[in-house]
Amino acid sequence: MMLLVSMKGYLDPSVMTYAIQAIAGVVIAVGAVIGVYWRKARKKINNSLGIDENARKEVEEDIVEVTEEEKK
């Protein structure tokens, strides 16, 4: 003979809101950790293969002009 126990109770909406927030927090934290380790791994792989991430990027020089009026 099988005994089935059922639990009936009331879940307040605030409990569900808290649960959703907790789940979302865990998902965001796991995503952040994965992102950090992905960048570290990609950087190590690029360094070991001799790939420069900034090779094709165009860098502009910072040009600052100071006139006589601005010096005073």
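Heads up: numbering here begins at 1 and tracks the sequence.
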Partners passing side-chain contact (heavy atoms from CB on, under 4.5 Å) against V30 (at least two apart in sequence or in another chain): V26, I34
Which residues share a side-chain contact (heavy atoms from CB on, under 4.5 Å) with E53, sequence neighbours left out: R42, N46
Non-neighbouring partners of D62 that pass side-chain contact (heavy atoms from CB on, under 4.5 Å), sequence neighbours left out: none
Separation between CD1 of I23 and CD1 of I28, rounded to the nearest 0.5 Å: 12.0 Å
